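Remember, it's a predicted structure, so these values are computed and weren't measured experimentally.
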Amino acid sequence: QVQLVESGGGLVQAVGSLRLSCAASGRAFSSYAMGWFRQAPGKAREFIAAISWSGDNPRTADSVRGRFTISRDNAKKTVSVQMNSLKPEDTDVYYCAASRGLHTTPEEGAYAYWGQGTQVTVSS
């Protein structure tokens with residue numbers, strides 16, 4: 001029973017930056033591993049980053065490593081992804097997700113709760 005709401009999406013020029021945040025409800029937030037995915041029209045969701053319940057094992061996909069950084073604040077019940085050096089190919093809807101597991105995983109099926117998504121558009 002977790003509700004997730006993303007924010008921070010918008011329009012940005014190439015090589016610019018955005019920070020996406022996800023606010024969660026539920027007392028057990030700190031026991032969930034959290035992830036970020038993105039999805040283009042007509043395509044499956046793509047894993048981009050995840051972080052363990054303790055925040056000590058952040059993980060990023062090869063496609064965004066070195067540009068995107070995930071973090072969480074259990075006291076505030078939020079998880080964020082800082083996105084730097086954005087490219088037009090990063091244009092997607094970005095989703096926050098929560099897993100009942102404590103550890104990170106890129107597997108979409110491991111995440112039981114999802115936000116509605118926030119649009120990120122990167123112009124050339």
Margin query: List the residues meeting side chain to side chain donor-acceptor pair (under 3.5 Å) with Ser17, not counting sequence neighbours, and say none if there are none.
Written below: Asn84
Note to self: Can you list everything that forms a side chain to side chain donor-acceptor pair (under 3.5 Å) with Tyr95? Sequence neighbours excluded, please.
What the structure shows: none
Margin query: So which atom in Tyr111 and which in Ala50 form the shortest heavy-atom distance, rounded to 0.1 Å?
Written below: OH-CB, 3.5 Å
Next item on the list: For Ser63 and Arg38, run side chain to side chain contact (heavy atoms under 4.5 Å, CB included): C-alpha distance rounded to whole Å, both residues' side-chain angles, the deciding distance at 0.1 Å, then the answer.
Entry: CA-CA 12 Å; Ser63 61; Arg38 63 187 182 185; 3.8 Å; yes
Next item on the list: Please assess Phe68 against Leu86 for the test side chain to side chain contact (heavy atoms under 4.5 Å, CB included), listing each intermediate value before the final yes or no.
Entry: CA-CA 9 Å; Phe68 292 10; Leu86 285 164; 3.9 Å; yes
Checklist line | Hydrophobic cluster membership, Val81 vs Val12, 4.5 Å side-chain cutoff | finding: yes
Check: Excluding sequence neighbours, so at least two apart, what forms ring-ring contact (aromatic ring centres under 6.0 Å, His included) with Phe47?
Finding: Phe37
Note to self: If I take atom OG from residue Ser31 and atom CH2 from residue Trp53, how far apart are they, to the nearest 0.5 angstrom?
What the structure shows: 9.5 Å
Next item on the list: Quick one: list whatever passes salt bridge (Lys or Arg N to Asp or Glu O under 4.0 Å) with Arg72, sequence neighbours left out.
Entry: none
Next item on the list: If a pair satisfies salt bridge (Lys or Arg N to Asp or Glu O under 4.0 Å) and one of its residues is in residues 94-119, list it, with sequence neighbours excluded.
Entry: none
Next item on the list: For residues Cys22 and Lys77, determine if any side-chain heavy atom of one lies less than 4.5 Å from a side-chain heavy atom of the other.
Entry: no
Next item on the list: Any chance you could lay out the side chain to side chain contact (heavy atoms under 4.5 Å, CB included) test for Ser99 and Met34, step after step, and finish with the verdict?
Entry: CA-CA 6 Å; Ser99 169; Met34 302 294 296; over 6 Å; no
Next item on the list: Specify the closest pair of heavy atoms between Val120 and Gly9, including all atoms of both residues, with the distance to one decimal.
Entry: CG2-CA, 4.2 Å
Item checked: Student check: side-chain heavy atoms of Tyr113 and Tyr32 closer than 4.5 Å -> yes
Notebook entry, point to check: So which residues get pulled into Val15's cluster when ILVMFWY side chains under 4.5 Å apart are joined, directly or through others?
Noted result: none
Checklist line | Nearest-0.5 Å distance that lies between atom CG in Leu20 and atom OH in Tyr94 | finding: 7.5 Å
Check: Restricting to pairs with a member in residues 114-124, which pass side chain to side chain donor-acceptor pair (under 3.5 Å), not counting sequence neighbours?
Finding: Gln119-Thr121
Check: Rounded to the nearest 0.5 Å, what separation is found between the NE2 atom of His103 and the CD1 atom of Ile51?
Finding: 13.5 Å
Notebook entry, point to check: Can you name the residues that form a side chain to side chain donor-acceptor pair (under 3.5 Å) with Ser80, not counting sequence neighbours?
Noted result: Ser21
Notebook entry, point to check: Is it true that atom CD of Gln39 has more than 12 heavy atoms of other residues, nucleotides or ligands lying nearer than 6.0 Å?
Noted result: yes
Margin query: Which residues pass the salt bridge (Lys or Arg N to Asp or Glu O under 4.0 Å) test with Arg67, not counting sequence neighbours?
Written below: Asp90
Item checked: CE on Met83 to CG on Leu18, rounded to 0.5 Å -> 5.0 Å
Margin query: If hydrophobic residues (ILVMFWY) are linked whenever their side-chain heavy atoms come closer than 4.5 Å, directly or via other members, who joins Leu11 in its cluster?
Written below: none
Item checked: Residues forming a salt bridge (Lys or Arg N to Asp or Glu O under 4.0 Å) with Arg65, sequence neighbours excluded -> Asp62
Check: Would Val79 and Ile70 satisfy side chain to side chain contact (heavy atoms under 4.5 Å, CB included), going step by step from the backbone distance to the final call?
Finding: CA-CA 7 Å; Val79 61; Ile70 190 170; 4.0 Å; yes
Notebook entry, point to check: Under the side chain to side chain donor-acceptor pair (under 3.5 Å) test, which residues partner Thr105, sequence neighbours left out?
Noted result: none
Check: Atom CD in Glu6, atom OG1 in Thr78: separation rounded to 0.5 Å?
Finding: 13.0 Å
